[in-house]
There are 2 protein chains.
Amino acid sequence: MSTERRAPLDRKRVADTALRLLNEVGLEGLTLRAIARELDVKAPALYWHFKDKQALLDEMATEMYRRMLAGTALDPADTWQERLLKTNRGLRAALLGYRDGAKVFSGSRFTGTEHAPALEANLRLLTAAGFTLAQAVDAGRTATMYTLGFVTEEQGVRPLGGEHREGFDMEERARRLARFPLAAEAGTLLFDDYDRQFEEGLAVVVAGVGARYGIS
Amino acid sequence: MSTERRAPLDRKRVADTALRLLNEVGLEGLTLRAIARELDVKAPALYWHFKDKQALLDEMATEMYRRMLAGTALDPADTWQERLLKTNRGLRAALLGYRDGAKVFSGSRFTGTEHAPALEANLRLLTAAGFTLAQAVDAGRTATMYTLGFVTEEQGVRPLGGEHREGFDMEERARRLARFPLAAEAGTLLFDDYDRQFEEGLAVVVAGVGARYGIS
DNA sequence: AGCATCTCCTTAACAGCGTTAAGGTGTCAA
DNA sequence: TTGACACCTTAACGCTGTTAAGGAGATGCT
């Protein structure tokens with residue numbers, strides 16, 4: 001009979017475990033009871049560390065953000081275009097790293113101030129490149145909103161990189177849209193190669209930032 | 001004793017009622033039992049008309065889209081810029097018309113082919129303006145993803161145009177970010193005047209479409 | 001007229017959810 | 001030895017989406 005006592009939980013261990021579990025069961029399967037079972041604990045124990053489930057989701061989002069920072073090398077010599085591309089590619093990669101990652105992320109708020117250094121660095125780089133502070137903020141937000149929207153949609157259609165959700169039979173779609181030739185032809189373009197789609201849209205946003213604020 | 005018999009339900013009546021109720025109770029309060037009560041019916045009755053709750057949410061999203069089309073006047077003489085602006089302003093307005101509108105919308109798929117005529121019209125206008133079909137699709141998608149991401153965030157912070165969610169005290173934020181002057185100063189810019197923010201980002205996207213595809 | 005069929009809804013129930021209340025056990029300090 | 005505190009358990013509550021089974025009213029067939 002083992003008298004080994006499990007080390008006490010802390011917020012980070014809970015969030016890490018929950019993130020790992022998220023990839024196995026998805027957001028709708030991510031119940032407090034399942035997380036607790038994984039931690040060898042009963043569900044109400046989690047309420048000692050988090051005031052409710054949303055607080056745990058907030059911590060998970062913060063941890064996702066930390067891992068995104070760790071996975072995105074920010075070179076101070078980046079041009080503003082490179083920086084915008086890098087941060088948004090990094091954001092997408094981080095979100096795609098978890099099933100329903102975008103939903104978890106955009107439904108939550110960060111718990112600390114850990115996002116401040118990166119925000120500061122990006123604002124500094126863009127203002128140094130000639131943007132006003134307001135322009136830098138608007139540019140970053142526009143790109144971020146695009147990325148969040150894109151990945152949310154991407155993960156809604158293709159939850160973990162596998163099959164499509166039902167109702168996406170291309171042949172049947174083309175038949176239904178026979179009276180709308182452009183829309184029908186667009187079908188193959190609409191659902192293929194998300195990497196290319198994302199890069200294309202991101203390039204549009206970056207080009208727009210340069211064009212609208214007159215900075216190249 | 002009234003022998004009046006309620007007219008039988010249909011999918012549209014259910015979806016309409018659910019949309020009205022959504023604005024009173026929000027997505028998390030939108031239970032099948034609450035919807036059924038509103039329709040003077042018991043919850044399992046809804047399963048006669050919808051195979052599950054997601055099917056009802058899909059119908060609601062489709063109805064939102066119909067109302068967006070009805071509220072957006074599409075002039076065939078629009079320039080491509082005007083068309084992009086109009087459709088995305090209309091999309092945002094439609095989403096903002098319902099509590100958690102963006103979440104309902106982007107978590108769902110349309111039920112029919114009713115989106116096809118508008119899609120066809122937009123693709124026709126953009127290709128006539130000189131875009132290739134692939135470019136037109138990419139341009140429209142980029143703008144739509146931006147709008148969906150933006151409104152999702154907007155409604156997450158300010159669920160129905162009222163107060164902010166807790167944790168958005170500006171003074172306290174500035175104090176915490178004392179070591180990050182640009183980030184601190186950006187605070188007032190970050191959370192003010194969503195209309196202006198949205199228009200600015202949309203203008204960036206439209207400018208980017210023109211710049212990247214060389215069409216003005 | 002009588003019987004069957006189909007539509008639309010009800011009653012009853014199930015497993016599972018987030019959450020709260022109350023209490024127990026181990027550890028460390030006085 | 002006593003008390004306080006950190007951390008977790010057991011039990012329960014009201015709620016959820018969903019299924020199974022069946023009943024009432026209209027419609028059509030013989």
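Proteins come first, then strands; the chains are lettered A, B, ... in the order of their sequence lines, and each starts at number 1.
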Next on the checklist: Check this for me: does any side-chain nitrogen of one of D58(B) and R11(B) sit under 4.0 Å from a carboxylate oxygen of the other?
Outcome noted: no
Checklist entry - Quick one: do R141(B) and D138(B) make a salt bridge, cutoff under 4.0 Å? => result yes
Next on the checklist: Five pairs per end, C1' atoms only: what is the angle between the end axes of the helix from dA1(C)-dT30(D) to dA30(C)-dT1(D), to 10 degrees?
Outcome noted: 20°
Next on the checklist: Salt bridge or not between E63(B) and R66(B)? Use side-chain N to carboxylate O under 4.0 Å.
Outcome noted: yes
Checklist entry - K53(B) has an atom NZ; how far is it from atom P of dG17(D), in whole Å? => result 4 Å
Checklist entry - Any salt bridge between R109(A) and E153(B), counting N to O under 4.0 Å? => result yes
Checklist entry - Within this structure, what is the CZ-to-C1' distance between R13(B) and dC9(C), rounded to whole angstrom? => result 13 Å
Checklist outcome for this item: note: L27(A), atom CG; dC17(C), atom P; distance rounded to Å ~ 13 Å
Next on the checklist: Strictly by side chain to side chain donor-acceptor pair (under 3.5 Å), give each pair with a member in residues 27-40 of chain A just once, sequence neighbours left out.
Outcome noted: R20(A)-E38(A)
Next on the checklist: Without decimals, in angstroms, what is the distance between Y47(B) OH and dT18(D) P?
Outcome noted: 3 Å
Item to check | Atom-pair distance (CD1 on I35(A); P on dT19(C)), nearest Å | outcome: 11 Å
Next on the checklist: What is the distance, to the nearest angstrom, from the NZ atom on K51(A) to the C1' atom on dT19(C)?
Outcome noted: 12 Å
Item to check | side chain to side chain contact (heavy atoms under 4.5 Å, CB included), paired with N122(B), selected from T87(B), D78(B), V137(B) | outcome: T87(B)
Checklist outcome for this item: To the nearest angstrom, the CZ-P distance between F50(B) and dT7(C) comes to 17 Å
Checklist entry - How many angstroms lie between CG in L19(B) and OH in Y98(B), if you round to the nearest 0.5 Å? => result 5.0 Å
Next on the checklist: I need the minimum non-hydrogen distance between V104(A) and M64(A), along with the two atoms involved.
Outcome noted: CG1-SD, 4.4 Å
Item to check | Spacing between R33(B) atom CZ and dT18(D) atom C1', to the nearest angstrom | outcome: 9 Å
Checklist entry - On the ring face of F198(B), is R92(B) found with NZ or CZ under 6.0 Å from the centre and within 45° of the axis? => result yes
Output a table of nitrogen or oxygen pairs between the protein and nucleotides 6-10 of chain D separated by less than 3.5 Å.
from: dC7(D); atom 1: OP2; to: W48(A); atom 2: NE1; distance (Å): 3.3
from: dC8(D); atom 1: OP1; to: R6(A); atom 2: NH1; distance (Å): 3.2
from: dC8(D); atom 1: OP1; to: L9(A); atom 2: N; distance (Å): 3.3
from: dC8(D); atom 1: OP2; to: H49(A); atom 2: NE2; distance (Å): 2.9
from: dT9(D); atom 1: OP2; to: K42(A); atom 2: N; distance (Å): 2.8

